[in-house]
Amino acid sequence: MSKQYWLMKSEPDVYPWDQLVEDGTGIWDGVRNHTAKLNMMAMQVGDEALFYHSNIGKECVGIMRVTETAFPDPTADEGSPWVVVRVEPVRPLDHPVTLATIKADLKLADMDLIRQSRLSVGRVRPAEWTHILRLSENAAR
DNA sequence: GCCAACGTTGGC
DNA sequence: GCCAACGTTGGC
């Protein structure tokens, strides 16, 4: 299967991008939503994901790569359906791409991030991915 | 199986 | 602090 793209939210006062960079790798635990879980179960090693800071910042700050497919969330109860994936940082974005920027861009109006604002793990279409990366290169905001 | 009540997420 | 969106729970 060809590479897929994702967006994963974390509140920066709980687990910020810099922490993932410092750790070198991490598991995406604590997801308790079935749609988000299904997205994580669809991830393949080598898929790439935007790291999004929710609540504080409200911006995409970096790119990470999936290094291990879904396995049971060690922070969940035994026998629960919840899973994690393992990720590692690839690189920070040249400039963060804010939610306001994404909302203002017609090409990005159909993103999971916009259409289902509470979803913590969403799909990003290839065209959306390249567009956001282009925005992060250009934006001298 | 329906739906009201309630809880959580996350933007504003 | 408020509220919209959405998920879950529990009574019937």
Side-chain angles (χ1 to χ4, degrees), chain A residues 1 3-141:
Chain A
M1 192 190 297
K3 185 157 71 177
Q4 304 175 100
Y5 300 98
W6 309 93
L7 182 148
M8 304 173 84
K9 296 183 182 178
S10 182
E11 297 183 37
D13 53 352
V14 176
Y15 193 85
W17 165 257
D18 285 348
Q19 187 66 50
L20 181 64
V21 171
E22 194 180 314
D23 294 346
T25 180
I27 60 166
W28 208 266
D29 62 20
V31 170
R32 296 294 182 267
N33 170 282
H34 288 286
T35 305
K37 180 199 71 171
L38 288 173
N39 282 335
M40 289 207 289
M41 291 180 67
M43 291 182 188
Q44 298 293 319
V45 170
D47 282 2
E48 291 190 303
L50 289 164
F51 193 118
Y52 176 84
H53 279 165
S54 61
N55 271 313
I56 303 166
K58 285 168 280 183
E59 55 192 12
C60 302
V61 292
I63 297 171
M64 49 194 174
R65 179 189 297 119
V66 176
T67 59
E68 189 176 348
T69 53
F71 60 94
D73 186 339
T75 70
D77 293 339
E78 191 85 9
S80 77
W82 307 118
V83 300
V84 297
V85 292
R86 180 168 291 280
V87 294
E88 66 181 15
V90 175
R91 65 175 177 88
L93 294 182
D94 302 323
H95 302 278
V97 178
T98 66
L99 179 64
T101 299
I102 292 172
K103 277 191 152 178
D105 196 317
L106 284 176
K107 290 198 183 84
L108 302 175
D110 211 31
M111 285 186 71
D112 283 359
L113 178 70
I114 304 302
R115 298 178 64 101
Q116 202 177 339
S117 66
R118 284 185 10 171
L119 185 61
S120 62
V121 179
R123 280 184 187 273
V124 178
R125 295 169 186 81
E128 293 164 348
W129 180 269
T130 50
H131 191 65
I132 287 174
L133 293 200
R134 191 171 304 124
L135 290 176
S136 83
E137 289 161 16
N138 296 341
R141 296 163 207 278

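All chains are named by letter (A, B, ...) in the order of the sequence lines, taking the proteins before the strands, and each is independently numbered beginning at 1.
- A side chain to side chain contact (heavy atoms under 4.5 Å, CB included) with A/V85 is found for one member of A/M41, A/M43, A/E68 and no other, namely A/M43.
- For the side-chain hydrogen bond (donor to acceptor under 3.5 Å, both in side chains) test with A/Q4, the passing option among A/R125, A/Q44, A/R123 is A/R123; the others fail.
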Q: Would you give a per-nucleotide map of nucleotides 2-9 of chain B, 5' to 3', where B means the base has a protein non-hydrogen atom under 4.0 Å away, S means only the sugar-phosphate does, and - means neither?
A: -----BBB

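- Listed by first and then second residue, the salt bridge (Lys or Arg N to Asp or Glu O under 4.0 Å) pairs involving residues 21-40 of chain A are A/R32-A/D73 (not counting sequence neighbours).
- Residue pairs satisfying the salt bridge (Lys or Arg N to Asp or Glu O under 4.0 Å) criterion with at least one member in residues 44-53 of chain A, sequence neighbours excluded, are listed as follows: A/K3-A/E48.
- In this structure, A/I114 atom CD1 and B/dG10 atom P are separated by 14 Å, rounded to whole Å.
- Here the C1' atom of nucleotide B/dG10 and the CD atom of A/Q116 are 13 Å apart, to the nearest Å.
- Taking the centre of each ring, A/F51 and A/W28 come in below the 6.0 Å mark.
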